[in-house]
Amino acid sequence: MAAYITANDFFKKKFGCKIIKIPINGGFTCPNRDGSKGVGGCIFCSEKGSGDFLCPPETPIPEQFNRMREIMHKKWKTGKYMIYFQSFTNTYAPIEKLREMFTQAANLENVVGISIATRPDCVTGKLLPLLSELSQKLYITVELGLQTSNEKTAEYINRCYLNSDFDKAMEMLNKINIDVVCHIIFGLPEETERDMINSVRYAAKRGIKGIKIQLLHILKGTKLGEIYEKNPFKILTLEEYSSLVAAAISVLPKDMVIHRITGDGPKKILIEPKWSANKKLVLNTINKKLSLYSQNLKS
């Protein structure tokens, strides 16, 4: 039994079956890419956002769904589906466009939920009625990229919004009972262990229902990659990262759903940490650390 509630545990209990997440590329951009708030995006973000493995954005949503479902079917033969609008900021568009796209997704075969990745400053009052309406028909969750609660770091990574924007978004989403999954990155330049754990505590206190803990990947073709190659900074070791994940989980509420404890960086463009490419090793090391951490707390 895992030392925490996994997304798989949560969804099986909620829906009574395996839930398969299908990533969809909605063709969105971000306000810190198009000049609205900044340019270039967050310094760690690749040209495809977090969608390096997705279909081209011009591909119709039903076709994307069918393609990705075929790929997922090789691993999971049965189950129902959650559509994941993943790449860039998936509420950064006119409400009419969002309604059309989210409704298409909601009407796909055996889809029981939609997960929408976005920025806190792109959660608006106009969005709330649509989310509330959709939540009457299927499970809706919003994924907010906080990354860090250290605003000095946030400025350095070109996040282009304040912690107060995260607070406001949480207040609005909590009022309409939309579950929020928060993204936190461990290993951002100059951040201490205290900074990283503080970010986890910060998000938990705002009422998130789930969390994704992500290791910082330094990728070719990103601003961060350029910075690192000119002036290398300290990156986390596997041992350090595993200890941080264990410490983070220990300070979270027991009913928190842990959606991710690591992540994949495309191997072809991964600069560092190279050890992160061995996902099986990373997961095994983290789980061993969690077991030891749990035993130490009991003794």
I'd like to know if [Y] and [X] are part of one continuous hydrophobic network [Ile/Leu/Val/Met/Phe/Trp/Tyr, side-chain heavy atoms within less than 4.5 Å].
{"X": "Leu98", "Y": "Leu128", "result": "yes"}
{"X": "Phe85", "Y": "Val180", "result": "yes"}
{"X": "Leu134", "Y": "Ile95", "result": "yes"}
{"X": "Val251", "Y": "Ile211", "result": "yes"}
{"X": "Ile184", "Y": "Tyr156", "result": "no"}

Is the number of heavy atoms from other residues, nucleotides or ligands under 6.0 Å of Lys21 NZ greater than 12?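 Above 12, so yes.
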
State whether the number of non-hydrogen atoms from other residues, nucleotides or ligands found under 6.0 Å of Lys18 atom NZ is greater than 12.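 Yes, enclosed.
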
Donor-acceptor pairs are to be reported for all side-chain atoms of residues 110-121 against protein atoms at under 3.5 Å, with residues two or more places apart or in another chain.
{"unit_1": "Ser115", "atom_1": "OG", "unit_2": "Glu143", "atom_2": "OE2", "d": "3.0"}
{"unit_1": "Thr118", "atom_1": "OG1", "unit_2": "Thr91", "atom_2": "OG1", "d": "2.5"}
{"unit_1": "Arg119", "atom_1": "NE", "unit_2": "Asp121", "atom_2": "OD1", "d": "3.0"}
{"unit_1": "Arg119", "atom_1": "NH1", "unit_2": "Arg159", "atom_2": "O", "d": "2.9"}
{"unit_1": "Arg119", "atom_1": "NH2", "unit_2": "Asp121", "atom_2": "OD2", "d": "2.9"}
{"unit_1": "Arg119", "atom_1": "NH2", "unit_2": "Arg159", "atom_2": "O", "d": "3.1"}
{"unit_1": "Arg119", "atom_1": "NH2", "unit_2": "Cys160", "atom_2": "O", "d": "3.2"}
{"unit_1": "Asp121", "atom_1": "OD2", "unit_2": "Lys37", "atom_2": "NZ", "d": "2.7"}

Single hit among Thr285, Asn278, Thr262 for side chain to side chain contact (heavy atoms under 4.5 Å, CB included) with Leu238: Thr285

At their closest point, which heavy atom of [X] faces which heavy atom of [Y], and how far apart are they?
{"X": "Met172", "Y": "Val123", "answer": "CE-O, 3.0 Å"}
{"X": "Leu216", "Y": "Gly187", "answer": "CD2-O, 3.1 Å"}
{"X": "Pro23", "Y": "Met72", "answer": "CD-CE, 3.9 Å"}
{"X": "Leu146", "Y": "Ala203", "answer": "CD2-CB, 4.2 Å"}
{"X": "Pro189", "Y": "Leu224", "answer": "CG-CD1, 4.2 Å"}
{"X": "His217", "Y": "Gly263", "answer": "CE1-O, 3.3 Å"}

Under 3.5 Å, is there a donor-acceptor pair between the side chain of [X] and the main chain of [Y]?
{"X": "Asp9", "Y": "Ile5", "value": "no"}
{"X": "Ser135", "Y": "Ser132", "value": "yes"}
{"X": "Gln64", "Y": "Thr59", "value": "yes"}
{"X": "Asn198", "Y": "Asp195", "value": "no"}
{"X": "Ser250", "Y": "Ala247", "value": "yes"}
{"X": "Lys279", "Y": "Ser276", "value": "no"}
{"X": "Glu240", "Y": "Thr237", "value": "yes"}
{"X": "Asp179", "Y": "Thr141", "value": "no"}
{"X": "Thr153", "Y": "Ser149", "value": "no"}
{"X": "Ser291", "Y": "Asn287", "value": "no"}

Can you list the steps and then say if Ile261 with Leu283 is a side chain to side chain contact (heavy atoms under 4.5 Å, CB included)? CA-CA 8 Å; Ile261 56 174; Leu283 290 173; 3.8 Å; yes

Hey, what do you get for [atom1] ([X]) to [atom2] ([Y]), rounding to the nearest 0.5 Å?
{"X": "Cys42", "Y": "Asn158", "atom1": "SG", "atom2": "CG", "result": "6.5 Å"}
{"X": "Asn90", "Y": "Thr29", "atom1": "CG", "atom2": "OG1", "result": "11.0 Å"}
{"X": "Ile178", "Y": "Leu173", "atom1": "CD1", "atom2": "CG", "result": "7.0 Å"}
{"X": "Lys274", "Y": "Ile235", "atom1": "NZ", "atom2": "CD1", "result": "7.5 Å"}
{"X": "Met101", "Y": "Ile83", "atom1": "CE", "atom2": "CD1", "result": "11.0 Å"}
{"X": "Asn66", "Y": "Cys55", "atom1": "CG", "atom2": "SG", "result": "10.0 Å"}

Any luck finding a side-chain donor-acceptor pair between Asp167 and Ser164 under 3.5 Å?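 Checked: Asp167/Ser164 side chains show no N/O donor-acceptor pair below 3.5 Å.
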
Just say parallel, tilted or perpendicular for the rings of Phe15 and Tyr139, cut-offs at 30° and 60°. perpendicular

Taking the inter-plane angle between the rings of Tyr241 and Trp275 on a 0 to 90° scale, is it parallel (under 30°), tilted (30 to 60°) or perpendicular (over 60°)? tilted

Test ring pair (Phe, Tyr, Trp, His ring centres under 6.0 Å) applied to Phe186 - qualifying residues, sequence neighbours left out: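 Phe186 satisfies ring pair (Phe, Tyr, Trp, His ring centres under 6.0 Å) with no other residue.
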
Carboxylate-amine/guanidinium proximity below 4.0 Å for [X] and [Y]:
{"X": "Glu171", "Y": "Lys175", "result": "no"}
{"X": "Arg69", "Y": "Glu109", "result": "yes"}
{"X": "Lys220", "Y": "Glu229", "result": "no"}

Ile208 vs Met256, side chain to side chain contact (heavy atoms under 4.5 Å, CB included): CA-CA, chis, key distance, verdict: CA-CA 8 Å; Ile208 64 170; Met256 184 70 66; 3.7 Å; yes

Would you say Phe44 and Ile185 make side-chain contact, with heavy atoms under 4.5 Å?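 A side-chain contact under 4.5 Å exists here.
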
Kindly indicate whether the side chain of Tyr4, heavy atoms from C-beta on, has any atom under 4.5 Å from the side chain of Thr6. yes

Run the side chain to side chain contact (heavy atoms under 4.5 Å, CB included) check on Arg33 and Cys45 step by step: do they pass? CA-CA 11 Å; Arg33 279 183 173 266; Cys45 195; 3.6 Å; yes

Intermediate values then yes/no, side chain to side chain contact (heavy atoms under 4.5 Å, CB included), Leu252 and Ile258: CA-CA 10 Å; Leu252 288 167; Ile258 313 298; 3.7 Å; yes

